[in-house]
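Beneath this line is the structure, given in structure tokens, with notes to follow.
The figures that follow rest on heavy atoms only: side chains count, while hydrogens, waters and symmetry mates do not. Since this is a predicted model, take the numbers as computed values, not measurements. Throughout, a chain's letter reflects where its sequence line sits, starting with A, and its residues are numbered from 1.
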Amino acid sequence: MSWLPCGLYHEHYREDHAWWQTTFVKGKMLLLAIFAIVILPYLDLVAPDLGPYLLNIAVILLYTILAASGVQLLIGYCGQVTLGHAAYVAIGAYTCCLVLMHGPALAAMTNDPNPIVRTLAALFSLLMKAGLLYPAGIILAGLAAGLWCVIFGLPSAKVKGFYLIMTTIAGQWITVEFFITQYVSQIGGRQQAFTVLPEHFTIGPFTIDSDRKIYYLGLALVGLVVAVTANLLRSKPGRAWIAIRDNDIAAEAMGVNIVAYKLLAFFVAGAMGGLAGVYWLNFNYIISPEHFQWFWSLWWVGVILIGGVGSIQGTIFGSMFMVLVMEGLKALIVPLSGAFPELLDKFLFIKEALFGLAIALFLIYEPNGLAYRWWQLKNYFNLWPFSY
Amino acid sequence: MDTEEKEDISREAPVQLEVDSISISFGGVQAIYNVSFQVRKGEIFSIIGPNGAGKTVTLNCISGIYKPDRGRIIFEGQDITKWPPYKRAEAGIARTFQKIELFSGMTVLDNIRLGRHVHLKSGLLSSSIYLGKTAREEVESRKFIEEEIIDLLEIEHIRNKVVGMLPYGLQKRVELARALALNPKLLLLDEPMAGLNLEEVEDMARFILDVNEEERWKVTCILVEHDMGVVMDISDRVTVLNFGQKIAEGRPSEVQQNPEVIRAYLGDVEDLYATRR
Ligand SMILES: Nc1ncnc2c1ncn2[C@@H]1O[C@H](COP(=O)(O)OP(=O)(O)OP(=O)(O)O)[C@@H](O)[C@H]1O
Ligand SMILES: [Mg+2]
């Protein structure tokens with residue numbers, strides 16, 4: 001193993017299949033991990049104001065990465081444009097929320113006349129005793145969101161491009177504005193928003209109730225999603241997705257079952273959205289249909305357009321860009337609002353206008369996204385000073 | 001090449017593919033009408049004919065991209081007429097395209113890897129964790145690609161290049177590599193020589209003969225080609241299509257002298273030998 005990539009030779013195929021191939025890159029990743037795991041969450045010990053503020057931004061960033069990962073998988077890798085991903089995030093959030101809210105009641109129904117309910121009750125009380133109700137909620141949320149996404153991916157078997165975009169938009173309205181607002185939110189007969197107390201978010205002995213723990217959970221979920229994506233992309237399903245994106249006729253002629261692999265992509269992308277929904281619930285303790293409006297579906301597409309379509313780093317860079325720019329905007333507007341109070345009223349408007357502008361500028365000047373620029377920069381320094 | 005041996009194949013080997021009076025029309029255009037032929041195991045079977053004769057449409061019917069309006073296609077005893085293309089690939093039919101259809105954003109290696117798709121067993125879970133089974137399978141598949149295909153087709157130097165950037169001749173070769181990665185029993189080649197220079201044509205002909213003759217491969221080939229020199233040289237048998245109908249079939253020497261074939265090529269005998277578009 002060498003330090004510099006210009007003289008990189010592998011002796012085994014396995015090394016050439018590895019994520020990080022040089023000691024240098026492995027070192028870089030280690031430093032990044034130390035920063036993310038040790039330094040950032042404990043920054044408040046030395047900087048009591050800045051630390052929590054940064055941690056909060058990091059949580060929003062992790063949520064954005066989680067939500068955009070599914071969009072990246074569908075659009076960037078499988079070529080299936082989705083403009084309704086907030087629907088699957090919502091399904092994930094509501095599934096987990098319902099499990100946490102009604103799980104204990106269900107667990108108590110051990111004397112129900114219906115044997116199915118009794119079995120479920122026994123199962124849930126077991127889960128509760130083991131402190132695994134929340135993990136079960138997370139898994140169910142992923143499954144439910146994945147299957148939900150498959151339903152709206154079904155038309156992709158027959159239609160492409162514009163028509164598929166229309167179905168995913170329809171999915172958004174049907175799910176959030178109709179199904180969740182009209183029916184799911186009415187469960188329990190209370191008002192629109194559901195709240196879950198922090199103490200319900202327990203994984204075994206841990207309760208995910210402090211900023212730091214929420215941050216760690218997000219880090220774990222993002223780590224999982226990124227690792228799964230990276231692994232899928234270097235094996236059979238991921239290659240099939242990319243093949244479908246690049247040339248579906250050739251892919252099918254080479255033995256790829258197009259419909260099955262498209263639906264698999266919808267499932268995985270939906271499940272990732274579901275995890276994002278769970279995370280949203282965990283750091284807000286409250287959900288309502290307004291949290292999953294169509295704007296967010298567009299926002300996550302914007303994230304991958306800016307970060308780079310068809311690149312995992314692209315998802316991360318795009319999320320960073322969007323989150324940081326929004327924070328910067330807030331930081332700019334709040335002090336200015338003393339002099340111009342109307343700025344605060346117009347914040348939403350400014351945000352959306354700026355979002356549109358950013359996407360337009362990126363499409364014109366940086367169509368390959370930030371990830372490509374980063375790659376260029378890296379190549380330049382890798383071979384520096386003989387980089388021509 | 002030993003012509004004696006080749007003639008034996010076309011008489012004695014079992015029938016691998018039977019195309020039984022297929023017809024297909026697009027709108028008003030009758031692209032092929034009542035075409036039948038049998039391809040025997042181990043043959044190089046060529047389909048020739050003027051532009052628009054229906055050669056590509058015939059291959060598309062065999063690989064499943066088009067479904068014939070009438071007629072049947074039987075592969076190794078199974079009626080595959082209604083099968084979708086991916087199932088035919090799983091059964092061992094691979095192809096290349098007249099207009100190159102590579103995954104242009106992927107590297108050469110990844111294009112060829114996709115050709116292994118039907119042989120890989122990893123599902124969603126195992127691929128997600130990429131431990132044990134999947135990692136092992138990927139290494140095995142890589143080994144197969146490196147040792148059997150990249151070596152054979154002499155493309156070591158471009159394995160990590162993005163396909164879209166490669167010159168045309170190499171792209172044609174990568175397409176062949178991807179089809180071979182499927183380890184096919186039957187290989188459909190749609191004008192593999194078109195647009196190649198003389199040296200590349202010779203290489204390509206050599207590769208086709210290699211995979212056809214070598215013990216390791218023994219792939220049956222259906223070749224659609226305008227380069228009559230190559231067709232007459234390497235084919236065991238030739239079928240001639242004209243305006244969607246079969247007008248002749250036989251060994252290269254027979255077909256060459258068939259008056260109807262000569263008429264189809266505008267009476268220009270030269271054409272039979274020198275067509276190069
Ligand atoms: N998808 C399609 N829709 C309409 N017409 C088609 C289609 N595919 C083929 N055809 C028509 O069928 C006829 C046969 O076409 P085909 O591509 O098989 O010719 P070919 O023998 O391969 O010719 P070439 O040597 O030019 O490749 C042509 O008239 C063509 O226009
Ligand atoms: Mg053709």
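By the salt bridge (charged side-chain N to carboxylate O under 4.0 Å, His left out) test, A:Lys160 is found to be paired with A:Asp248, residues two or more places apart in sequence or in another chain being considered.
In summary, the side chains of B:Asn60 and B:Arg95 do present a donor paired with an acceptor at a separation below 3.5 Å, with no hydrogens or angles considered. Looking at B:Thr107 and B:Asn160, their side chains never bring a donor and an acceptor atom within 3.5 Å of each other.
Using a cut-off of 4.0 Å between Lys/Arg side-chain N and Asp/Glu carboxylate O, B:Glu148 and B:Arg216 are scored as salt-bridged. Note on B:Lys185 versus B:Glu76: salt bridge recorded, some NZ/NE/NH1/NH2 to OD/OE distance being below 4.0 Å. In summary, B:Glu146 and B:Arg142 engage in a salt bridge, as defined by a charged side-chain N under 4.0 Å from a carboxylate O.
How far OG of B:Ser46 is from NZ of B:Lys55: 11.5 Å, rounded to the nearest 0.5 Å.
For chain B, the nearby part of A:Ala227 is the backbone; its heavy atoms alone come within less than 4.5 Å. Residue A:Ala251 touches chain B through both its backbone and its side chain, counting heavy-atom pairs closer than 4.5 Å. Of the atoms belonging to B:Arg178, heavy atoms from both backbone and side chain fall under 4.5 Å from chain A. Contacts between B:Leu120 and chain A at a heavy-atom distance below 4.5 Å involve backbone atoms as well as side-chain atoms. Residue B:Lys143 touches chain A through both its backbone and its side chain, counting heavy-atom pairs closer than 4.5 Å. At a 4.5 Å heavy-atom cutoff, the contact between B:Leu124 and chain A is made by backbone and side-chain atoms alike. Residue contact with chain B, scored on non-hydrogen atoms closer than 4.5 Å, is absent for A:Arg245.
Without hydrogens or angle criteria, B:Glu175 side chain to B:Phe97 main chain gives a donor-acceptor distance under 3.5 Å.
Classification of the A:Trp148-A:Phe152 ring pair by plane angle, with boundaries at 30° and 60°, yields tilted.
Residues of residues 258-275 of chain A placed with any heavy atom under 4.5 Å of a heavy atom in chain B are listed by number as A:Tyr261, A:Leu264, A:Phe267, A:Val268. Of residues 138-146 of chain A, no residue lies under 4.5 Å from chain B by any heavy-atom pair.
Chosen from B:Ile129, B:Leu188, B:Thr134, the residue pairing most often with chain A at heavy-atom distances under 4.5 Å is B:Ile129. Contacts with chain A were tallied for B:Thr96, B:Leu114, B:Val118; B:Leu114 has the most, counting heavy-atom pairs under 4.5 Å. Highest contact tally toward chain B, considering only A:Leu232, A:Ile249, A:Val228, is held by A:Leu232 [criterion: heavy-atom pairs under 4.5 Å].
Taking the ring axis of B:Phe207 as reference, the NZ or CZ atom of B:Arg173 does not stay both within 45° of it and closer than 6.0 Å to the ring centre.
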Taking it one step at a time, do B:Glu43 and B:Thr220 satisfy side chain to side chain donor-acceptor pair (under 3.5 Å)?
-> CA-CA 5 Å; B:Glu43 263 192 316; B:Thr220 314; over 6 Å; no

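Residue pairs satisfying the ring pair (Phe, Tyr, Trp, His ring centres under 6.0 Å) criterion with at least one member in residues 67-96 of chain B, sequence neighbours excluded, are absent.
More than 12 heavy atoms of other shown residues, nucleotides or ligands fall within 6.0 angstrom of atom OH in B:Tyr168.
None of B:Val174, B:Ile112, B:Leu170 except one satisfies the side-chain contact (heavy atoms from CB on, under 4.5 Å) rule with B:Val163; the exception is B:Val174.
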